[in-house]
Amino acid sequence: MTDSLTIRDNRTGAEYEVAIVDGAIKAAELGKIKTSDDDPGLCTYDPGFTNTASCKSAITYIDGDKGILEYRGYPIEQLAEKSTFLEVAYLVVYGELPTKEQYESWVHEITYHTFVHENVKGLMQGFRYDAHPMGMLMASVGALSTFYPDARNIDDADNRHMQIVRMIAKMPTLGAWSFRHAQGKPYVYPDNELSYTENFLAMLFKMSELKFSADPRLVRALDVLLILHADHEQNCSTNAVRSVGSSQVDPYSAVAAGVGALYGPLHGGANEAVLRMLKRIGTVENIPAFIEGVKAGNERLMGFGHRVYKNFDPRAKIIKKACDDVFEVTGVNPLLRVAQELERIALEDEYFVKRKLYPNVDFYSGLIYEALQFPPEMFTVLFAIGRTPGWLAQWQELIMDKEQKIARPKQIYTGDRTLTFVPREERWAE
């Protein structure tokens, strides 16, 4: 066997030959390495899954060293420039670009499933006035499973398609309503005459006007941002969707788990942290002192570096270009100069270059969201809407993968053993 790994167990002197397939070995093979029949065998200890593959996937390819991101083999740069979010959503979910007929049918289905049951509106109105939009989104997405009990029939391909359409269609409605709720404004119903992104903006910002009309440059910029967030390999929220989905639960419950994971500041809240950092720096003149603070360990440089990318995050370059279009409409955010100068210094400073700290997708996205009049607590909701096709594609891939089993990681037990229980009357007796 040429593509194999020979392991010598120095405890016993035994040797084991393990096959290497697609640059990986099966963890179960390590379980055969044991000192006796009673020994459970070896396992790997990998907190955070830094070097553990939980699945095989054909959806997203990333080469972090070269700064490459592809959806189904198509470079993110080409998709962001030439495609639309709904076309990319179809590609991510179904693995190929749609024909004209498929695309028109897909857009029509999603457009006419943007409405939600009135009881969902009642559910959302029941939240406190200051409820976080992500908490509202997580609850309302999970609640959809009760409105569509047929979603449990996950082995039916047509049924899966229907739930995927519903989920992608309704996410902007739920996200927009959580935004309006926080502002004490009436909820705006979807407008089927508008495109996906135009409709989302209308539900967010429409007031008394009969017809809401968004600037095409803002619509396009938001569409690009949604494309950039459509999928990103086995990140925390995608892993959550797959883990919960492995129990064969309905997709709404699985996606709700993804929303919950994205809610965390280490995942979806990073662009909000960048914005706070830029506001704290305030002016270009304060950047050198901030940089020295980072080197001394007193400050954190947010929006730089990534678990996967050891080069420029390709999404960051695209977002930086989108900034120009947005600020052309809204006016330039003064913090843009701070961001650009901070980026320039960090990319030239040996301290950051040596550590391969390059701007990531969060560095400029917060500036765009703020220019679009989104409060920071809405940033992650926008992320969730863009990521929904990826979550659903990963969920469907999991369902169709015969090798997948219910998620059940091993643990290394470090607690006490064989203690003797003493009844409370004796424990408490004086």
inquiry  = Whether the side chain of Trp395 engages the backbone of Val241 through a donor-acceptor N/O pair (distance < 3.5 Å, no angle test) should be reported.
reply    = no

ask   = When rounded to the nearest 0.5 angstrom, what distance separates OG1 in Thr6 from CD in Glu15?
value = 6.5 Å

request  = Taking the side chain as every heavy atom from C-beta outward, state whether His181 and Tyr187 have any atom pair closer than 4.5 Å.
outcome  = yes

ask   = Under a 4.5 Å cut-off applied to non-hydrogen side-chain atoms, are Pro251 and Met167 in contact?
value = no

query = Atom CD1 of Ile59 and atom OG1 of Thr238: how far apart are they, to the nearest 0.5 Å?
reply = 8.5 Å

inquiry  = Between the side chains of Glu397 and Lys56, is the shortest nitrogen-to-carboxylate-oxygen separation below 4.0 Å, so that they form an ion pair?
reply    = no

message = Is it true that, when you exclude Glu209 itself, more than 12 heavy atoms of the residues, nucleotides or ligands shown sit nearer than 6.0 Å to its CD?
response = yes

task = Taking Lys32 for its side chain and Gly41 for its backbone only, find out whether a donor-acceptor pair lies under 3.5 Å.
result = no

request  = Please report the closest heavy-atom contact between Ile368 and Cys323, naming both atoms and the distance.
outcome  = CG1-SG, 3.6 Å

task = Show your reasoning for whether side chain to side chain contact (heavy atoms under 4.5 Å, CB included) applies to Tyr196 and Thr84.
result = CA-CA 10 Å; Tyr196 186 86; Thr84 67; over 6 Å; no

Donor-acceptor side-chain pairing of Tyr94 and Gln102 below 3.5 angstrom = no

query = Does Tyr263 offer a backbone N or O that forms a donor-acceptor pair with the side chain of His267 under 3.5 Å?
reply = no

Intermediate values then yes/no, side chain to side chain contact (heavy atoms under 4.5 Å, CB included), Asn235 and Leu262 = CA-CA 10 Å; Asn235 53 80; Leu262 194 62; over 6 Å; no

message = With a 4.0 Å cut-off on N to O distance, would you call Arg337 and Glu341 a salt bridge?
response = no

request  = Return the minimal non-hydrogen interatomic distance between Lys206 and Leu210, and the atom names on each side.
outcome  = NZ-O, 3.3 Å

ask   = Do Asp401 and Arg242 come close enough that some side-chain heavy atom pair is under 4.5 Å?
value = no

request  = For Tyr189 and Lys121, test the side chains for any donor-to-acceptor distance below 3.5 angstrom and give the result as yes or no.
outcome  = yes

query = Closest heavy-atom contact between Asn199 and Leu194?
reply = N-CB, 3.8 Å

Lys170 side-chain N/O to Phe115 backbone N/O, donor-acceptor pair under 3.5 Å = yes

inquiry  = Any side-chain to backbone donor/acceptor pair from Tyr364 onto Ala322? Under 3.5 Å, distance only.
reply    = no

query = For the rings on Tyr358 and Phe363, is their centre-to-centre separation under 6.0 Å?
reply = no

query = Between Leu382 and Phe374, does a side chain to side chain contact (heavy atoms under 4.5 Å, CB included) hold up when you go through it step by step?
reply = CA-CA 9 Å; Leu382 297 165; Phe374 291 113; 3.6 Å; yes

ask   = Is the shortest heavy-atom distance from the side chain of His108 to the side chain of Ser105 under 4.5 Å?
value = no

task = Examine distances only and state if a side-chain atom of Asp325 and a backbone atom of Ala221 form a donor-acceptor pair shorter than 3.5 Å.
result = no

query = Aromatic ring centroids of Tyr252 and Tyr148 under 6.0 Å?
reply = yes

note = What one should report as the nearest heavy-atom pair of Val259 and Leu137 is CG1-CD2, 4.1 Å

message = Below 30° counts as parallel, above 60° as perpendicular, anything between as tilted: where do the rings of Phe179 and Phe205 land?
response = perpendicular

request  = Measure the CG-CZ distance between Leu222 and Phe200 for me, rounded to the nearest 0.5 Å.
outcome  = 6.5 Å

task = Using only heavy-atom distances, determine whether the side chains of Gln163 and Asp250 contain a donor-acceptor pair under 3.5 Å.
result = no

message = Measuring from atom CD1 of Ile227 to atom CD of Glu81, what distance do you get when rounded to the nearest 0.5 angstrom?
response = 11.0 Å

task = Check whether any side-chain heavy atom of Asp63 lies under 4.5 Å from a side-chain heavy atom of Glu70, and answer yes or no.
result = no

ask   = Okay, side chain of Arg180, backbone of Ala176: is any donor-acceptor separation there less than 3.5 Å?
value = no

inquiry  = Rounded to the nearest 0.5 Å, what separates atom CD in Glu350 from atom CZ in Arg355?
reply    = 9.5 Å

task = Please lay out, stage by stage, how Asn51 and Thr44 fare under the test side chain to side chain contact (heavy atoms under 4.5 Å, CB included).
result = CA-CA 10 Å; Asn51 194 37; Thr44 57; over 6 Å; no

inquiry  = Once rounded to the nearest 0.5 Å, what's the spacing between atom CE of Met171 and atom CG of Leu226?
reply    = 10.5 Å

Minimal non-hydrogen separation, Ile399 against Gly245, with atom names = CD1-O, 4.2 Å

request  = Would you confirm whether Asp3, through its side chain, and Ile20, through its main-chain N or O, come within 3.5 Å as a donor-acceptor pair?
outcome  = no

key: Asn239 backbone acceptor or donor facing Ser243 side chain under 3.5 Å   = no

task = Please confirm whether the backbone N or O of Thr114 pairs with a side-chain atom of Thr173, one donor and one acceptor, at under 3.5 Å?
result = yes

key: Exercise: identify the closest heavy-atom pair between Ser83 and Asp223   = O-OD2, 4.4 Å

